[in-house]
S.K.: 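What follows is a structure written as structure tokens; I'll ask about it next.
In this text the structure is predicted, and so the values were computed from the model without any measurement.
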Amino acid sequence: MEDFWVVVLAGLKVWVYLIVALLMVPAMFGFSLGISETYMKILVKTLEVNCLCLYPGTPHCITHKNSLIQRDDGSMEEALGELRRSRPKPPVGGDFTLSDCFYFYRRGIEDIVEDEVTQRFSSEELVSWNLLTRTNIDFQYISLKLTMVWGLGVFIRYCVLAPLRITLASIGLTWLVIGTTAVGFLPNWRLKSWLSDWVHVMCYRICARGLSCTIHYYNKPRKGGICVANHTSPIDIVILCNDGCYAMVGQSHGGLMGVLQRAMARSCPHIWFERADMKDRHLVAKRLTDHVNDNTKLPILIFPEGTCINNTSVMMFKKGSFEIGGTIYPVAIKYDPQFGDAFWNSAKYNMVSYLLRMMTSWAIVCNVWYLPAMTQQAGEDAVHFANRVKSAIAHRGGLVDLSWDGGLKRAKVKDMFKEEQQKMYSSMVVGKQGSQNQ
């Protein structure tokens with residue numbers, strides 16, 4: 001029995017030495033030994049073979065699900081104009097016709113079948129199966145060869161990759177908590193800022209290796225100002241901070257996320273707040289303004305959507321981030337769903353469950369584009385400035401640009417949106433003057 005435990009301890013030592021030598025040390029100093037690149041080449045080839053088994057004779061695999069509804073991009077006036085084309089306009093009175101109902105029937109049925117808002121809060125279903133059970137809801141037997149490949153993949157992901165990733169992520173998060181806490185006790189000298197940046201970047205790089213992240217950066221930015229990005233997952237922070245350190249602004253959380261937030265705030269001027277507390281919001285605005293005006297501090301990283309969206313679109317940016325002045329540096333983040341779903345559905349999974357799903361995926365592959373700096377134009381208010389930045393991010397990342405508020409994930413549609421549609425139709429029926437008199 002003693003010989004057995006000796007062998008186990010020896011195996012654990014070898015395991016730790018390999019992790020430190022082959023993964024942690026390269027991650028700490030920002031270089032790679034080529035292990036991840038080799039793994040990704042094998043993975044891409046495997047998924048290509050899988051695609052050929054699913055779709056024989058198809059030269060290129062389709063990785064995204066097509067929309068069920070083909071929507072018209074025209075306005076309400078244009079759509080109703082088409083319905084009314086064969087009906088002469090009445091000489092007097094209102095401009096109502098019963099055929100107008102067909103427009104509202106169609107829009108209602110379209111939203112019931114596939115509305116463009118709530119589908120952004122759940123993982124998108126892939127057309128081409130990527131050998132992950134969770135992305136093939138309607139699984140059916142295809143071939144013995146494909147089933148054996150899937151079984152081998154389950155063994156590799158859960159018995160080889162998952163323990164390795166959990167070990168790396170645990171080390172990275174533990175070092176982050178201990179390191180930032182220790183740095184927080186130092187006096188506010190330049191050495192403290194340098195150590196804080198080094199601890200943050202080092203730990204984020206270890207965590208990125210723990211998720212098998214492959215990140216492609218385009219157009220490296222100039223440091224400073226406010227960095228705003230679309231938000232898909234909490235690991236967006238890990239992705240961006242692999243390339244440099246930021247001061248972060250965001251919602252306070254509990255659990256594991258709360259522990260990390262409190263530890264990080266000890267060594268770096270991160271700003272965490274309660275969105276529902278109005279006093280907190282005013283204090284955050286003041287702290288943001290002071291931070292931007294201090295050239296010695298880190299650039300601020302903000303996710304103006306305020307919630308995670310499923311990597312298919314960009315939703316409304318909160319205007320508060322664009323009211324404090326300063327230069328805005330937009331960043332577009334786009335994950336490749338073929339290798340793993342990075343979206344965090346916080347209503348369905350807690351942080352630990354989400355991280356375990358990430359660690360049992362094939363990999364996390366994403367592209368990061370740093371866009372040219374943008375400033376508020378003369379006569380442009382914060383809302384229009386936010387929409388202009390949002391459109392630039394959506395265009396660069398290949399995402400759908402939506403004007404809806406991401407807060408609809410947890411709240412109902414405000415009455416003001418319904419009233420706007422009612423007023424728009426009322427102005428068409430009784431005229432703008434009549435609508436104003438009502």
S.K.: List the atom of H216, the atom of T214, and the distance in Å for their closest heavy-atom pair.
M.R.: NE2-CG2, 3.7 Å
S.K.: Could you tell me which non-hydrogen atom of P330 sits nearest to which non-hydrogen atom of P372, and how far apart they are?
M.R.: CD-O, 3.4 Å
S.K.: Enter the distance from H270:NE2 to Y246:OH here, rounded to the nearest 0.5 Å.
M.R.: 13.0 Å
S.K.: Would you mind reporting whether L298 and C268 have side-chain heavy atoms less than 4.5 Å apart?
M.R.: yes
S.K.: Measure the shortest side-chain to side-chain distance between T46 and V149 over non-hydrogen atoms and say whether it is less than 4.5 angstrom.
M.R.: yes
S.K.: Is the shortest heavy-atom distance from the side chain of R357 to the side chain of Y349 under 4.5 Å?
M.R.: yes
S.K.: Any donor-acceptor pair under 3.5 Å linking the side chain of Q261 with the backbone of A265?
M.R.: no
S.K.: Between F339 and W362, is the ring centre distance below 6.0 Å?
M.R.: no
S.K.: Go through the steps to decide whether V331 and L240 satisfy the test side chain to side chain contact (heavy atoms under 4.5 Å, CB included), and finish with yes or no.
M.R.: CA-CA 9 Å; V331 178; L240 292 176; 3.8 Å; yes
S.K.: Using a 3.5 Å distance criterion without hydrogens, assess whether the side chain of R157 forms a donor-acceptor pair with backbone atoms of S361.
M.R.: no
S.K.: I393 and A332: which non-hydrogen atoms are nearest, and at how many Å?
M.R.: O-CB, 3.7 Å
S.K.: Can any side-chain N or O of R266 pair as donor or acceptor with the backbone N or O of T181 at less than 3.5 Å?
M.R.: no
S.K.: What verdict does the side chain to side chain contact (heavy atoms under 4.5 Å, CB included) test give for K334 and L399, after you've listed the backbone C-alpha separation in whole Å, the side-chain angles of each residue and the deciding distance to 0.1 Å?
M.R.: CA-CA 8 Å; K334 176 67 174 178; L399 304 166; 3.7 Å; yes
S.K.: Can you give me the closest heavy-atom contact between Y370 and N219, atom names plus distance?
M.R.: CB-O, 2.8 Å
S.K.: May I ask you to decide if K192's main-chain N or O and S196's side chain share a donor-acceptor pair within less than 3.5 Å?
M.R.: no
S.K.: Tell me whether the rings of Y354 and W344 are parallel (<30°), tilted (30 to 60°) or perpendicular (>60°).
M.R.: tilted
S.K.: Are the side chains of K348 and S353 in contact, using a 4.5 Å heavy-atom criterion?
M.R.: no
S.K.: Take Y335 and D236, measure what side chain to side chain donor-acceptor pair (under 3.5 Å) needs, and give me the verdict at the end.
M.R.: CA-CA 10 Å; Y335 294 89; D236 292 341; 2.4 Å; yes
S.K.: With rounding to the nearest 0.5 Å, note down the distance linking CG in N367 to CD1 in I333.
M.R.: 11.0 Å
S.K.: Test I226 against I302 for side chain to side chain contact (heavy atoms under 4.5 Å, CB included), laying out the working first.
M.R.: CA-CA 7 Å; I226 302 174; I302 302 177; 3.7 Å; yes
S.K.: Could you tell me whether the side chain of T180 and the main chain of A263 form a donor-acceptor pair under 3.5 Å?
M.R.: yes
S.K.: How long is the gap from CD1 on I42 to CD on E37, to the nearest 0.5 Å?
M.R.: 12.0 Å
S.K.: Quick check: do I309 and S313 have side-chain heavy atoms less than 4.5 Å from each other?
M.R.: yes
S.K.: Are any non-hydrogen side-chain atoms of V368 and I215 less than 4.5 angstrom apart?
M.R.: yes
S.K.: Using side-chain contact (heavy atoms from CB on, under 4.5 Å) as the criterion, point out the one residue from L260, L168, I178, V259 that pairs with L173.
M.R.: L260
S.K.: Can you find a heavy atom in the side chain of L211 that is under 4.5 Å from one in the side chain of I235?
M.R.: yes
S.K.: Just do the side chain to side chain contact (heavy atoms under 4.5 Å, CB included) check on F343 and C308 with the steps written out, would you?
M.R.: CA-CA 7 Å; F343 169 63; C308 294; 4.0 Å; yes
S.K.: Is D405 salt-bridged to K318, going by a charged N under 4.0 Å from an acidic O?
M.R.: yes
S.K.: Salt-bridge test for K390 and E305: reply yes if a basic N is under 4.0 Å from a carboxylate O, no otherwise.
M.R.: no
S.K.: What I want to check is whether the side chains of D197 and H200 have a donor and an acceptor closer together than 3.5 Å.
M.R.: no
S.K.: In terms of the angle between their ring planes, are W198 and W194 parallel, tilted or perpendicular, with boundaries placed at 30° and 60°?
M.R.: parallel
S.K.: Can you tell me how far the CG atom of L152 sits from the CE atom of M148, to the nearest 0.5 Å?
M.R.: 8.5 Å
S.K.: Measuring from Y217:OH to C366:SG, what's the distance to the nearest 0.5 Å?
M.R.: 7.0 Å
S.K.: List the atom of P163, the atom of Y158, and the distance in Å for their closest heavy-atom pair.
M.R.: CD-O, 3.5 Å
S.K.: Would a distance-only check, ignoring hydrogens and angles, find a side-chain to backbone donor-acceptor pair under 3.5 Å from T38 to G34?
M.R.: yes
S.K.: Is there a side-chain contact between M359 and L161 (heavy atoms, below 4.5 Å)?
M.R.: no
S.K.: Please answer whether the main-chain N or O of I171 pairs with a side-chain N or O of T174 as donor and acceptor at a distance below 3.5 Å.
M.R.: no
S.K.: Kindly compute the distance separating OH (Y329) from CE (M374), expressed to the nearest 0.5 Å.
M.R.: 12.5 Å
